[in-house]
Amino acid sequence: MNKSFAKPVSTFDVANIRADFPILARTVHGKPLVFLDSAASAQKPRQVIDAVTKVYSQEYANVHRGAYYLSETATANYEAAREKVRAFINARSVSEIVFTKGATEAINLVAATYGRAFLKAGDEIVLTAVEHHSNIVPWQLLRDATGCVLRIAPVSPDGSIDIAEFAKVIGPKTKLVAIAHVSNVLGTVLPVREIADLAHAVGAKIMLDGCQGIVHRHVDVQDLGCDFYVFSGHKLYGPTGIGVLWARAALLDAMPPYQGGGDMIDTVTFAKTTWAQPPAKFEAGTPPIVQAIGLGAAIDYLNSLDRIAVAEHEDALLRYAMTRLAQIPGVRLIGTAPHKAAVQSFVMEGAHPHDLATVLDRHGVCVRAGHHCAQPLMEALGVTATTRASFGLYNTMEEVDALANALVRAQEVLL
Ligand code: C6P
């Protein structure tokens, strides 16, 4: 390693944190695991693994259906998880928290219910060029069904969203703005509060895709001024198969159900069915019980930490990574906006991102390569693919060094 790199010292006790994540102790291809793909899915702390094991081994039953002790316990734990989510994002009421199987399902829910009920031909939905496919395709399905129009706010070459450019695509026909809180490819933190004000000024609603945002930023849905906020549990150190849709109570009241089935009804006859109140109205069938409880455990875990120190640690990792990567000849950083969370894409001259990721893997370094489910963004940036390193609270400066060193070694192999 080049000794001239001044490695920042973090006061955050990352060694203690790492001890909570059993998988980080393993090796890959005989090398210590360097996991730099948390934006795709984060690793799980022992506290979450234990909570899930405890439910399955001692407290498991279906929820909202049984009059017996185990079912009542499972129901209480499931609903306690809802309250944990409510408090975590400062929603006004638990009835505003809908459990889904992930952010993707939550966005589809909003498009299929709010969208179909309240948008008509000619109405406009504003997205940005940085969106993940999960925040593009559901709106295209809605466009094809209703004749509404998609308008796209551009991304600047550094990966930022210019508020003046954004203002140009919002107008009297805008009914909905649906944007990422934080870009999964670039790490850009979008100016969501300002955009929410622009949306509301023309009477539009705003949905934030918080998949990456909730991991790296404190989220207060009331402060953000949004109308819908969605995220997935698995990126927040919780299990897969659980996501959250938060929406203002009045919106959930007005929206028709998404799916029909058990638990979402008030009364059913063959002639007519009436709906349960939200959130049950949107949770048809047996819900992801254990996954929701696991998400609650992940939130407990995060609440047990100094989240400001966590954010500072992640920001320090990002700054160090940006410095180290930028100093490797032939490496170009993709995404250098002033406001960024701990996600860094890059390209290496002469090396395909997939080949690079494969070589890095041989060094134990896990990164994602490809279009990152954001093909329109790749086109806007003039690249076909990038390699992406994304950092979680358990990553270390030494792992940034491991990435940089492996990249230099990869150059020797690939170029
Ligand atoms: N991005 C990534 O590697 P799901 O798959 O429903 O949990 O999340 C979809 C999604 C939506 N919006 C954003 C901003 C996201 O980052 C993701 C998931 C992962 O970047 C997997 S493609």
Side-chain angles (χ1 to χ4, degrees), residues 35-44 85 98-112 127-141 153 155 159 161 177-190 192 195 206-217 219 224 226 228-246 258 288 291-292 294-295 298 334-335 337 339-346 353-354 357 366-378 380-381 383 385-392:
F35 189 76
L36 302 180
D37 196 22
S38 297
S41 201
Q43 299 299 347
K44 318 303 172 200
V85 172
V98 177
F99 283 129
T100 64
K101 75 179 164 73
T104 300
E105 188 180 50
I107 298 171
N108 277 279
L109 189 163
V110 176
L127 314 176
T128 76
V130 307
E131 300 312 317
H132 185 281
H133 296 164
S134 291
N135 195 29
I136 299 174
V137 184
W139 307 116
Q140 291 175 323
L141 294 173
V155 58
I161 298 295
V177 171
I179 58 168
H181 185 180
V182 168
S183 158
N184 67 313
V185 179
L186 307 167
T188 309
V189 181
L190 277 73
V192 289
I195 292 174
I206 174 162
M207 190 211 79
L208 297 183
D209 170 359
C211 260
Q212 306 294 341
I214 198 155
V215 181
H216 300 290
R217 291 291 180 269
V219 168
L224 286 172
C226 53
F228 303 94
Y229 194 96
V230 306
F231 64 94
S232 290
H234 67 98
K235 297 183 203 287
L236 196 64
Y237 310 101
T240 53
I242 184 72
V244 170
L245 161 65
W246 167 82
Y258 179 44
Q291 293 84 342
L295 174 59
I334 307 284
H339 299 294
K340 276 194 53 147
V343 175
Q344 189 59 54
S345 273
F346 56 93
H354 280 135
C366 309
V367 292
R368 186 169 172 192
H371 54 61
H372 312 290
C373 302
Q375 285 183 353
L377 174 60
M378 297 292 115
L381 296 172
V383 292
T386 74
T387 307
R388 181 191 70 183
S390 54
F391 303 95

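Bear in mind that the values here come from a model prediction, so they are computed numbers and not experimental data. Atoms within a ligand are numbered from 1 in the order they appear, just like the ligands themselves. We're numbering straight along the sequence, starting at 1.
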Which one of [options] has a non-hydrogen atom at the shortest distance from [atom]?
{"atom": "atom 4 (P) of ligand 1", "options": "Thr100, Val215, Thr104, Ile179", "answer": "Thr104"}
{"atom": "atom 8 (O) of ligand 1", "options": "Cys211, Gly213, Ser390", "answer": "Cys211"}
{"atom": "atom 22 (S) of ligand 1", "options": "Arg368, Gln212, His133, His234", "answer": "Arg368"}
{"atom": "atom 14 (C) of ligand 1", "options": "Asp209, Val343, Leu208", "answer": "Asp209"}

Would you please determine whether [X] falls within less than 4.0 Å of ligand 1 on a heavy-atom basis?
{"X": "Ala103", "answer": "yes"}
{"X": "His181", "answer": "no"}
{"X": "Glu105", "answer": "no"}
{"X": "Arg388", "answer": "yes"}

His216 side, atom NE2; Leu236 side, atom CG - distance, nearest 0.5 Å: 10.0 Å
In Å, rounded to the nearest 0.5 Å, how long is the span from SG of Cys226 to NE2 of His181? 8.5 Å
Ligand 1 versus Ala39, non-hydrogen atoms closer than 4.0 Å: side chain, backbone, both, neither? backbone
Can you tell me if [X] uses its side chain to pair, donor with acceptor, with the backbone of [Y] under 3.5 Å?
{"X": "Lys101", "Y": "Pro288", "answer": "no"}
{"X": "Lys235", "Y": "Val215", "answer": "no"}
{"X": "Asn135", "Y": "Ile107", "answer": "no"}

Got [X] and [Y] here, is their nearest side-chain heavy-atom distance under 4.5 Å?
{"X": "Asp37", "Y": "Arg388", "result": "yes"}
{"X": "Trp246", "Y": "Val230", "result": "no"}
{"X": "His372", "Y": "Leu377", "result": "no"}

I'd like to check which ligand 1 atoms, numbered from 1 as shown, lie under 4.0 Å from a non-hydrogen atom of [X].
{"X": "Cys373", "result": "22 (S)"}
{"X": "Ser232", "result": "4 (P), 6 (O), 7 (O), 8 (O)"}
{"X": "Ala40", "result": "2 (C), 3 (O), 19 (C)"}
{"X": "Ser134", "result": "9 (C), 11 (C)"}

Among protein heavy atoms, which sits nearest to atom 1 (N) of ligand 1, and what does the distance come to when rounded to 0.1 Å? Lys235 NZ, 2.9 Å
Considering only the protein, which heavy-atom contact is closest to atom 15 (C) of ligand 1, and what is its distance? His132 CD2, 3.4 Å
Classify the side-chain pair Ser183/Thr188 by whether it contains a donor and acceptor separated by less than 3.5 Å. no
State which residue, out of Asp209, Ile214, Val244, Leu245, fulfils the side-chain contact (heavy atoms from CB on, under 4.5 Å) condition with Tyr229. Ile214
